[in-house]
Amino acid sequence: MVLLDGKKTSSDLKDEIAIAVKQLKADGKKTPHLAAILVGTDGASMTYVNSKVKACELVGFNSTLIDLPESTSEEQLLHEIELLNNDTDIDGFIVQLPLPKHIDEQKVLMAVNPDKDVDGFHPVNVGKMALDLPTFLPATPYGILELLERYKVETSGKNVVVIGRSHIVGRPMSILLSQKRSAGNATVTLVHSLTKDIKAFTLNADIIVAALGIPEFLTGDMVKDGVTIIDVGITRVDDATRPRGYRIAGDVHFESVSKKAGYITPVPGGVGPMTIAMLLKNTLLACERR
Ligand code: GUN
């Protein structure tokens, strides 16, 4: 069993990005600048956004965190987005999801200038992705492709099962893995909460991407020997034995599945760090494009 080490791979990627930033600066070009909007005080979202800002510092980017209260109205948020759209120093920005219930997420994502949409969530960018046109790929699926490529996991002609149809992970992942590309050309099945017998599909899979958000859903009896496992889950589960009172659980029951897997991502230290590295890569691309 080989661990797909997202921590190490993302660190390599960040080193590569830092070198590119040094070169931009040496050439007298603009320093990449990422902004993030956070609305409210959701613990996990605050952790992610802070990690993103910290990663910017590490590679030499400029970063701006716009921290708004839970009570922010949709109109106020749209105004902040407009300011970032028009700010010539900002190369790209993200609005951390989920948003408070009184704000229409789709309306917000549509307001982001597609050229600054380094999350790749705007319908224009989703459309370009689906049509194999160059664009910002959503960071989590992009990170998974990068991990598979760097570990030389063969995807061409393989049976891939993606569990979960979210707009952020499952849906784009299923599209990307089926495309004519490196870390693509797979036969992809997307299963979800209304699929009749998920196990019947996973037992036949060469690669499984678990992105449904149910802790330890995928167990050893559901997979075949030699399978490649990508675990996207990051749920906080109460655990009184931990200093913080919780632990982070993946969507995969690691102990039983790792006994059969050829390759597997750990949680934490698998997909999570890759997501941040790919967001930086998209921001570098946005800066270079401008
Ligand atoms: N919430 C969970 N994942 C993501 C992500 O990749 N981008 C944003 N903006 N919010 C998220």
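Keep in mind that what you see is a predicted model, and the values were worked out from it rather than measured. Whatever order the structure lists them in is the order used to number ligands and atoms, beginning at 1.
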### Query
Of the listed options (I168, V49, L97, D119), which comes nearest to atom 10 (N) of ligand 1 when hydrogens are ignored and any heavy atom counts?
L97

### Task
Provide the closest heavy-atom pair for A249 versus V237 in the form atom of the first, atom of the second, distance.
CB-CG2, 3.6 Å

### Query
Going through the distances and angles, do D87 and F93 end up as a side-chain contact (heavy atoms from CB on, under 4.5 Å)?
CA-CA 11 Å; D87 186 334; F93 66 97; over 6 Å; no

### Query
Got a second to check how far M274's CE is from E146's CD, nearest 0.5 Å?
5.5 Å

#### Entry: Exercise: do N62 and T31 side chains pair donor with acceptor under 3.5 Å
no

### ligand 1-proximal atoms of Y48, by part, heavy-atom distance under 4.0 Å
neither

### Query
Does V95, backbone or side chain, put an N or O under 3.5 Å from an N or O of ligand 1?
yes

### Query
What is the closest protein heavy atom to atom 11 (C) of ligand 1, and at what distance does it sit?
Q96 NE2, 3.3 Å

